[in-house]
Asks: 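Pasting a structure here, questions to come.
Below, each value reflects all heavy atoms present in this structure, side chains not excepted, and no hydrogens, waters or symmetry copies.
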Amino acid sequence: MVGRPRTSDEAPQGAAASLLNGLGVLEAFSIEKPILGVTEIAQRVGLHKSTVSRILAGLAEAGYVQRDEASGRYRLGLGLLALSGPLLADLDVRRAALPYLEELTEQTGETSALAVWNGEEAIVVEQVPSPHQVKHTASIGTRYNKFASSSVQVFLAGLTPDAARELLASGAVVLPGAHDAGPQTAAARRALDVLTTVAADGVAVNDGATTPEEFGVSAPVWDYRGRMVGCVTASAPRSRAQGEVAERLAAAVVGTAGRVSARLGYGAKRAEA
C-alpha cells in the first residue's frame, strides 16, 4: 500500500476516498518503475484491479496517465505538467542557475534560459530576456519536441543510444521530414549521428533549423551525481549571431552551464577521489 495505512476509523469516504485512491495510483509510478500494468498498480496501492482500471481510465481521459496500446500498460502523462508548473519554476536547478543566466544575458546581450527534460520534451523553467528590442524569448512552461531544437538535442545526447533511438522511432520527438514515410529511417540515422557529435562537443547549435530567424545554442547542466538535470540555452536573431559572434555565444553558454553544474556539485566527488 502506498503511503501510511489508515485505520477503519479514519478511512475517508465518498469523493475524498476517490481522490486519494487516484493520487495513490499516480504515486505508484516511480523512476525505477515508470511503466506499470493494472495488476502491478493494484498490488502497490492495495485496491482491486477493477477499481484501478476505472481510476486509470479517468486519469487517462484527463491526460494524467497514458496507455501503451501495444502492451496495455501505463505511464504518467503530460497532463501532470500543468499541475507541476509552479513546482518546476521552483526547482533547485532553477535557483542555482538564475544568477548565472542573468550574467550570461548581461555578457552576451541575448536571451538566456534553463530547460529541463520530461522524458519527451524540453521544458523552459527559467528565462532572462535580452534587453534588445528585437529578441527571441520563450515563456516559462514552453515545451520543445522538435529534434532541430538545440535543447532537445542536448537532452537526447545524454541518453543511451538505444534510448535515443527508441524515442526517435516513437515519433515523440519530431524529426525533419516527419510527415514523409520514406525518409524516416534515414532521418533517424542522421539524427543519431548528430547526437554523437553533440555528446562529444558538449554543445548543440540550432542555426535557423527550427525557424529561419532564430539562432539557439545549448549546453548540458549536470548535478553532483553526474546526471544531466537541465540545459542552458541562449537564443538570438540569426542576424546578430553569425561567425565569431556565434562562436563567442556558444562558448559563453558552455561556460555558464559549467558554472551551474559546479554550483550543483558536479565534479566534487571526482575531485575528492
Asks: Are L76 and L26 packed together at the side-chain level, in the sense that at least one heavy-atom pair is separated by less than 4.5 angstrom?
Replies: yes
Asks: Specify the closest pair of heavy atoms between A42 and H48, including all atoms of both residues, with the distance to one decimal.
Replies: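 Looks like CB-C, 4.4 Å.
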Asks: With rounding to the nearest 0.5 Å, note down the distance linking CD1 in I41 to CD1 in I55.
Replies: 9.5 Å
Asks: Are there more than 12 heavy atoms of other residues, nucleotides or ligands under 6.0 Å from atom CD of Q66?
Replies: yes
Asks: Restricting to non-hydrogen atoms, name the atom on G109 and the atom on S130 that form the minimum distance, rounded to 0.1 Å.
Replies: O-OG, 2.6 Å
Asks: Do V221 and C231 have side chains that get closer than 4.5 Å, going by heavy atoms?
Replies: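 No, their side chains stay 4.5 Å or more apart.
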Asks: Please name the pair of heavy atoms, one in P161 and one in L192, separated by the smallest distance, quoted to 0.1 Å.
Replies: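 Where P161 meets L192 most closely, the heavy atoms are O-CD2, 4.4 Å.
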Asks: Any idea which heavy atoms bring L167 and G119 closest together, and the distance?
Replies: CD2-O, 3.5 Å
Asks: Just wondering, do V152 and K146 contact through their side chains at under 4.5 Å, heavy atoms?
Replies: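 Not touching, per the 4.5 Å side-chain cut-off.
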Asks: Is the closest side-chain heavy-atom distance between S150 and T233 below 4.5 Å?
Replies: yes
Asks: Rounded to the nearest 0.5 Å, how far apart are CZ of F147 and CG of L175?
Replies: 6.5 Å
Asks: Atom CG in L264, atom CZ in R227: separation rounded to 0.5 Å?
Replies: 12.5 Å
Asks: Which salt bridge (Lys or Arg N to Asp or Glu O under 4.0 Å) pairs, counting each pair once, include a residue from residues 193-220, with sequence neighbours left out?
Replies: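 Salt bridge (Lys or Arg N to Asp or Glu O under 4.0 Å) check on residues 193-220 returns D207-R238.
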Asks: If we only count heavy atoms from C-beta on, is the N145 to E120 side-chain gap below 4.5 Å?
Replies: no
Asks: Could you check if a side-chain atom of L98 sits within less than 4.5 angstrom of a side-chain atom of V128, using non-hydrogen atoms only?
Replies: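 They are in side-chain contact.
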Asks: Taking the side chain as everything from C-beta on, heavy atoms only, tell me whether E69 gets closer than 4.5 Å to R67.
Replies: yes
Asks: Please find the pair of heavy atoms, one from F29 and one from V65, that lie closest to each other, and give the distance.
Replies: CE1-CG1, 4.3 Å
Asks: Tell me the closest heavy-atom pair linking K135 and P129, and the distance in Å.
Replies: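 Minimum heavy-atom contact is NZ-CB, 4.4 Å.
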Asks: Rounded to the nearest 0.5 Å, how far does CZ of R143 lie from CD1 of I123?
Replies: 6.0 Å
Asks: Does any pair with a residue in residues 46-59 pass salt bridge (Lys or Arg N to Asp or Glu O under 4.0 Å), and if so which ones, sequence neighbours excluded?
Replies: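 Sorted pair list comes back empty.
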Asks: What pairs of residues pass the salt bridge (Lys or Arg N to Asp or Glu O under 4.0 Å) test when at least one of them lies in residues 244-264, not counting sequence neighbours?
Replies: E244-R248
Asks: Between T105 and S112, do the side chains contain a donor N or O and an acceptor N or O under 3.5 Å apart?
Replies: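 On atom types as modelled, these side chains qualify, holding a pair under 3.5 Å.
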Asks: To the nearest 0.5 Å, tell me how far Y266 OH sits from M228 CE.
Replies: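 Here the rounded value is 9.5 Å.
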Asks: So do V260 and L114 actually touch side chain to side chain, heavy atoms under 4.5 Å?
Replies: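 No, side chains not in contact.
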Asks: Roughly how far, to the nearest 0.5 Å, is OG of S149 from CG of L156?
Replies: 9.5 Å
Asks: Write out all pairs satisfying ring pair (Phe, Tyr, Trp, His ring centres under 6.0 Å) with one or both partners inside residues 199-219, taking only residues at least two apart or from two chains.
Replies: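 For residues 199-219: none.
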Asks: Between E121 and N118 (side chain of the first, backbone of the second, donor and acceptor by atom type, cut-off under 3.5 Å), is there such a pair?
Replies: no
Asks: What residue pairs, at least two apart or across chains, pass salt bridge (Lys or Arg N to Asp or Glu O under 4.0 Å) with a residue in residues 102-113?
Replies: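 For residues 102-113, and leaving out neighbouring residues, the salt bridge (Lys or Arg N to Asp or Glu O under 4.0 Å) pairs sorted by first residue read E110-R240.
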Asks: Residues in side chain to side chain donor-acceptor pair (under 3.5 Å) with T108, at least two apart?
Replies: none
